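For reference, the structure is listed below as structure tokens.
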Number of protein chains: 2
Amino acid sequence: MGIIRKTQSVAVLLKEFENKPNAISAIELIKRLSSKINKTTVYRVLDKLEDDGVLHSFLDNSGIKWYAKCNGCSKTGHIDMHPHFQCLSCGKVDCLSVEVKIPPIPNRKIEVSQVLIQGRCESCNV
Amino acid sequence: MGIIRKTQSVAVLLKEFENKPNAISAIELIKRLSSKINKTTVYRVLDKLEDDGVLHSFLDNSGIKWYAKCNGCSKTGHIDMHPHFQCLSCGKVDCLSVEVKIPPIPNRKIEVSQVLIQGRCESCNV
DNA sequence: ATATTAATGCAACTGAGTTGCAAATATAGC
DNA sequence: GCTATATTTGCAACTCAGTTGCATTAATAT
Ligand SMILES: [Zn+2]
Ligand SMILES: [Zn+2]
Ligand SMILES: [Zn+2]
Ligand SMILES: [Zn+2]
């Protein structure tokens with residue numbers, strides 16, 4: 001179930017994603033907001049924002065959860081599928097707007113796919 | 001560091017992967033072998049077999065670790081890159097031999113990529 | 001202003017994976 | 001084979017991201 005009331009916590013969390021293109025890990029958000037919001041609430045609000053099609057989430061290579069803004073998604077469903085990029089040098093993670101084509105697999109029905117690309121970002125690739 | 005001594009635990013674990021094409025989760029192995037091998041040992045042996053290029057590992061969508069046999073890899077490095085498929089109906093996970101082309105990303109240097117495809121497997125896709 | 005119900009904080013929990021260390025066991029040298 | 005040496009193992013205790021139950025707080029509707 002998504003967000004029903006416009007609370008402080010929701011506002012604070014949304015602000016963290018405002019005007020920032022990067023993904024942010026749940027852990028980072030908990031650290032950043034520790035004086036304002038309890039970690040349980042952070043997890044719960046993120047979860048609801050995902051239900052509402054405001055944010056989407058994915059796991060990185062070490063199994064930790066990242067969140068980023070959606071583009072054109074809604075309560076009805078997440079339609080904005082794309083790969084994610086993690087810089088192995090500075091740790092920054094972001095959404096890529098390129099399309100990764102998944103070839104058809106014989107006898108199998110593909111429903112979703114996750115692509116995590118790792119390497120060096122613009123700033124670290126010198 | 002890889003495997004130095006051919007111990008019972010190594011033999012038992014290798015046997016689990018013998019003649020079975022599927023990936024197996026670390027948790028499943030721990031459960032299966034609980035009467036024979038301690039879970040710490042399972043994790044340690046799997047880790048060493050990965051170092052040796054005998055097995056490779058990846059995380060699924062819920063952050064749990066899976067292992068599968070390598071094809072042509074060695075201590076020197078893992079060269080056998082491929083996507084993995086998880087059946088959303090029966091939970092089975094396996095390696096796919098198709099190639100997923102990652103397009104070049106401007107200003108970024110791609111080093112590795114992980115692709116997890118989810119859907120319905122041969123047996124469940126009826 | 002009050003009632004209703006959702007959201008929050010807190011503490012305790014879960015569960016996959018890790019660490020330190022003493023005991024067991026594989027290997028090499030004799 | 002026996003012994004010395006170093007690796008591997010089991011165990012218990014730990015870590016850490018994420019979850020749960022429940023009493024309290026706060027947003028919304030009337
Ligand atoms: Zn970087
Ligand atoms: Zn994204
Ligand atoms: Zn299946
Ligand atoms: Zn594989």
Side-chain angles (χ1 to χ4, degrees), chain A residues 1-17 23-68 75 84 86 91 93 114 116, chain B residues 1-17 23-68 75 84 86 91 93 114 116:
Chain A
M1 208 223 319
I3 290 198
I4 292 173
R5 295 180 182 180
K6 287 183 182 157
T7 63
Q8 290 283 327
S9 310
V10 172
V12 169
L13 267 163
L14 282 176
K15 205 166 185 181
E16 289 298 316
F17 288 92
I24 316 175
S25 72
I27 294 169
E28 169 64 21
L29 286 166
I30 288 161
K31 219 178 288 169
R32 263 190 223 172
L33 305 174
S34 61
S35 62
K36 292 181 202 151
I37 317 180
N38 178 274
K39 81 167 176 173
T40 308
T41 304
V42 172
Y43 281 116
R44 288 196 274 225
V45 172
L46 289 172
D47 200 47
K48 288 180 179 183
L49 288 170
E50 188 167 20
D51 275 359
D52 284 344
V54 176
L55 299 177
H56 61 282
S57 73
F58 52 95
L59 298 185
D60 73 8
N61 228 15
S62 58
I64 75 155
K65 211 166 188 178
W66 292 75
Y67 284 87
K75 293 182 216 304
H84 293 99
Q86 181 164 41
V93 173
Q114 280 98 162
L116 179 69
Chain B
M1 209 226 316
I3 291 201
I4 293 174
R5 294 183 182 178
K6 289 183 180 157
T7 62
Q8 290 282 328
S9 311
V10 172
V12 169
L13 268 163
L14 282 176
K15 204 164 186 182
E16 290 297 316
F17 287 93
I24 315 175
S25 72
I27 294 170
E28 169 65 20
L29 286 166
I30 289 162
K31 218 177 290 169
R32 261 190 225 173
L33 305 174
S34 61
S35 62
K36 292 181 202 151
I37 317 179
N38 177 274
K39 79 166 175 173
T40 309
T41 305
V42 173
Y43 281 117
R44 289 195 274 226
V45 172
L46 289 172
D47 200 47
K48 288 180 179 183
L49 287 170
E50 188 167 20
D51 275 0
D52 284 344
V54 176
L55 299 178
H56 62 283
S57 73
F58 53 94
L59 298 185
D60 73 7
N61 228 14
S62 57
I64 75 155
K65 210 166 189 178
W66 292 76
Y67 283 87
K75 291 180 218 304
H84 293 98
Q86 183 164 39
V93 174
Q114 278 99 160
L116 179 69

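Note that the coordinates shown come from a computational prediction; the quantities given were computed from them, not determined experimentally. The chains referred to below are lettered A, B, ... by the order of the sequence lines, with proteins before strands, and numbering in each begins at 1.
The CD atom of E50(A) sits 12 Å away from the P atom of dG18(D) (whole-angstrom rounding). Remark: C1' of dA12(C) and CG of N38(A) are 13 Å apart, rounded to the nearest angstrom. Rounding to whole angstrom units, CG of residue D47(A) and P of dT8(C) are separated by 12 Å. The nearest whole Å value for the distance from the OH atom in Y43(B) to the C1' atom in dA12(D) is 16 Å. One atom, CD1 of I30(A), and another, P of dC16(D), lie 14 Å apart when rounded to the nearest Å. Look at NZ on K36(B): it is 19 Å from C1' on dT8(D), rounded to the nearest Å. Across the protein-nucleic acid pair, K65(B) atom NZ and dA16(C) atom C1' stand 11 Å apart, rounded to whole Å. Between the C1' atom of dA7(C) and the CE atom of M1(A) lies a distance of 10 Å, rounded to the nearest Å.
Residue T41(B) places at least one side-chain N or O closer than 4.0 Å to OP1 or OP2 of dG10(D). One finds a side-chain N or O of S9(A) lying less than 4.0 angstrom from the OP1 or OP2 phosphate oxygen of dT8(C). Using a 4.0 Å cut-off, some side-chain N or O of T7(A) falls inside it from OP1 or OP2 of dT8(C). For K48(B) and dT7(D), the shortest distance from a side-chain N or O to OP1 or OP2 is not below 4.0 Å.
The base of dA7(C) does not come close enough to the side chain of R44(A) for any donor and acceptor atom to sit less than 3.5 Å apart.
Counting non-hydrogen atoms under 4.0 angstrom, I37(B) reaches the backbone sugars and phosphates but no base. The residue K39(A) sits close to a base: some heavy atom pair falls under 4.0 Å. At a threshold of 4.0 angstrom between heavy atoms, the contacts of K6(B) are confined to the sugar-phosphate backbone, with no base atom among them.
Contact annotation: the side chain of F58(A) approaches that of V93(A) to within less than 4.5 Å [non-hydrogen atoms, C-beta and beyond]. Looking only at side-chain heavy atoms (C-beta outward), I24(A) and R32(A) come within less than 4.5 Å of each other. Contact check for L59(B) versus L59(A): no side-chain heavy atoms found under the 4.5 Å cut-off. Contact annotation: the side chain of I27(A) approaches that of K31(A) to within less than 4.5 Å [non-hydrogen atoms, C-beta and beyond]. When side chains are defined from C-beta on, L14(B) counts as touching L49(B), because their heavy atoms get closer than 4.5 Å.
Residue Q8(B) is the one, among Q8(B) and T40(B), whose nearest nucleotide of DNA chain D lies closer to the 5' end (criterion: closest heavy atom).
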